[in-house]
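Input: a single structure, listed below in structure tokens.
Proteins come first, then strands; the chains are lettered A, B, ... in the order of their sequence lines, and each starts at number 1. No experiment lies behind these values; they were computed from the predicted model shown.
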2 protein chains.
Amino acid sequence: MSLEHALLGFLSYSPMTGYELKQHFDQSIYHFWNANLSQIYPALSRMKEEGLLTMEVEHQEDRPNRKVYTITDAGREALQRWLVTPLPPGQVREAWLIQIFFAHFQSNDEIVSLLEARMDAMRARLAVCRTEIQAAIDQNAAQSGVERASQLWQITLDYGIAHYETQLAWLEQTLARVRKLPPLTPPKP
Amino acid sequence: MSLEHALLGFLSYSPMTGYELKQHFDQSIYHFWNANLSQIYPALSRMKEEGLLTMEVEHQEDRPNRKVYTITDAGREALQRWLVTPLPPGQVREAWLIQIFFAHFQSNDEIVSLLEARMDAMRARLAVCRTEIQAAIDQNAAQSGVERASQLWQITLDYGIAHYETQLAWLEQTLARVRKLPPLTPPKP
DNA sequence: ATATAATATATCAAGACTTTTATAGATAAG
DNA sequence: CTTATCTATAAAAGTCTTGATATATTATAT
């Protein structure tokens with residue numbers, strides 16, 4: 001469901017190929033969604049069958065042909081309907097917290113290592129938001145007629161930034177806390 | 001992978017049935033993981049085949065028989081190994097942010113509605129963390145010999161709480177921001 | 001200069017993981 | 001009288017990830 005509507009969303013800006021859609025995913029919404037080409041291509045076919053899109057082949061000599069998809073009126077309607085449909089909030093799913101939860105037989109240092117690895121990853125993600133994704137949004141915002149849209153793009157990016165900042169703050173605090181735990185005494189069963 | 005190791009984790013505390021494991025999932029780690037019975041039961045079978053668990057049937061007259069699973073030495077080893085294996089950080093995946101990202105043709109009020117619905121859901125989740133899950137942790141922490149473990153349980157719960165608080169803070173701020181956007185002028189295509 | 005990688009574009013198959021739904025049946029609680 | 005609890009199984013459908021297959025051009029690295 002979500003993938004299809006994200007595709008419709010980008011195609012409501014302009015017609016594109018699956019390959020180009022993938023690039024938009026990676027450049028603009030990577031902070032809250034992603035998709036593989038192997039998902040995108042069949043999704044586009046399906047949506048064409050459903051009448052949400054039309055497709056035209058652009059022949060190329062040196063490269064594979066481009067299949068350019070265009071959103072139909074039915075597609076726009078489906079998109080607008082979905083956009084105001086409240087979604088059930090998703091489950092939080094953080095596998096690495098399972099590791100923390102059951103880490104009582106790991107030494108403080110081992111736990112600290114896990115947290116530090118996580119912190120490195122979160123710092124990197126935060127940096128991507130602040131530089132690359134911000135740049136992509138700024139660049140698209142420079143077009144005319146996208147004032148309202150670009151406010152919303154920025155709002156989602158600020159979500160991502162706040163998310164990673166929270167992660168880092170929690171990690172800092174947790175590192176201090178774990179370092180102060182009484183050391184693991186005897187047995188590693 | 002993660003499901004299996006969460007099961008091993010709980011079974012490292014004591015032998016249990018799948019049904020009981022499901023209850024522990026819901027009571028203790030719901031803030032970062034969940035699983036259905038229809039996932040848990042076949043996972044337990046598989047893990048038994050792999051020698052990570054043993055199983056004994058307790059016959060009951062009035063209820064279905066209980067299949068009590070016990071972790072083996074191999075299971076404990078597999079768990080300890082996994083617990084220190086760094087996991088690749090998962091993708092953020094927030095379908096409702098797709099709705100915000102493409103909401104430029106929705107009115108400010110419609111966007112506000114989406115945000116308010118989300119806020120209600122997040123408030124409810126936060127309350128569950130603060131009351132029910134906190135209570136479950138406190139109760140288990142009252143046993144002897146779990147001092148170290150219960151610190152870690154609390155650390156993961158504090159993650160959940162921080163997460164939902166960030167959501168709510170961002171939602172507050174975003175609500176204000178959206179209310180101040182110039183109203184949507186003409187066309188709802 | 002030559003080897004390697006990346007870009008541009010699309011398809012397909014396999015498998016991993018999750019959710020949904022149905023089935024079963026007895027007791028206890030509202 | 002209806003719903004919830006207790007316990008387990010299984011089929012189906014949905015979603016996502018991984019990896020293989022093709023192929024020409026351009027860029028990077030050694």
Applying salt bridge (Lys or Arg N to Asp or Glu O under 4.0 Å) to B:R179 and B:E116, what does each step give before you reach the verdict?
CA-CA 12 Å; B:R179 289 207 173 94; B:E116 282 174 342; 3.2 Å; yes
Can you list every salt bridge (charged side-chain N to carboxylate O under 4.0 Å, His left out) pair that touches residues 41-53 of chain A, not counting sequence neighbours?
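Salt bridge (charged side-chain N to carboxylate O under 4.0 Å, His left out) check on residues 41-53 of chain A returns A:E4-A:R46.
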Could you list all the salt bridge (charged side-chain N to carboxylate O under 4.0 Å, His left out) pairs where at least one residue sits in residues 126-149 of chain A, not counting sequence neighbours?
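Qualifying pairs, neighbours excluded: A:R130-A:E165.
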As a test of reading the structure: which of C:dT18, C:dC17, C:dT11 is closest to the side chain of A:K67, going by heavy atoms?
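Looking only at side-chain atoms, A:K67 lies closest to C:dT11.
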Without decimals, in angstroms, what is the distance between [X] [atom1] and [N] [atom2]?
X     : N      : atom1 : atom2 : answer
B:R46 : C:dC17 : CZ    : C1'   : 9 Å
B:Q91 : C:dC17 : CD    : P     : 18 Å
B:N65 : C:dA26 : CG    : P     : 14 Å
A:L7  : C:dA10 : CG    : P     : 13 Å
A:Q60 : C:dA10 : CD    : P     : 8 Å
B:H5  : C:dC17 : NE2   : C1'   : 15 Å
A:D26 : C:dA8  : CG    : P     : 12 Å
A:M55 : C:dT9  : CE    : P     : 15 Å

With respect to A:F10, which candidate in A:Y69, A:W153, A:F25, A:W33 satisfies the ring-ring contact (aromatic ring centres under 6.0 Å, His included) definition?
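For A:F10, the ring-ring contact (aromatic ring centres under 6.0 Å, His included) test succeeds with only one of A:Y69, A:W153, A:F25, A:W33, which is A:F25.
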When the nearest nucleotide of DNA chain D is assigned to A:S2 and to B:R66 on a heavy-atom basis, which residue is associated with the more 5' position?
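Closer to the 5' end of DNA chain D: B:R66.
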Terminal contacting nucleotides, 5' and 3', DNA chain D versus chain A (heavy atom, 4.0 Å):
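Listed 5' to 3', the contact boundaries are D:dT15 to D:dT25.
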Sugar-phosphate, base or nothing in reach of A:Q23, heavy atoms under 4.0 Å
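Contact class for A:Q23: sugar-phosphate only.
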Just to be sure I understand the rule, does B:E58 reach a base, reach only the sugar-phosphate, or reach nothing, if contact means heavy atoms closer than 4.0 Å?
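No contact at all - B:E58 keeps every heavy atom at 4.0 Å or more from the nucleic acid.
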On a plain distance test, is the side chain of B:S38 in donor-acceptor contact with the base of C:dT20 below 3.5 Å?
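In this structure, the two groups form a donor-acceptor pair.
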Does B:E56 CD have over 12 foreign heavy atoms under 6.0 Å away?
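Count not over threshold, so no.
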Taking the ring centre of each residue, are B:Y13 and A:F102 less than 6.0 Å apart?
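Yes, the ring of B:Y13 comes within the 6.0 Å limit of the ring of A:F102, centre to centre.
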Establish, with yes or no, whether the OP1 or OP2 oxygen of C:dT18 is under 4.0 angstrom from a side-chain nitrogen or oxygen of B:N36.
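Negative; the distance criterion is not met.
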Please assess A:L168 against A:R123 for the test side chain to side chain contact (heavy atoms under 4.5 Å, CB included), listing each intermediate value before the final yes or no.
CA-CA 7 Å; A:L168 287 169; A:R123 281 212 195 91; 3.8 Å; yes
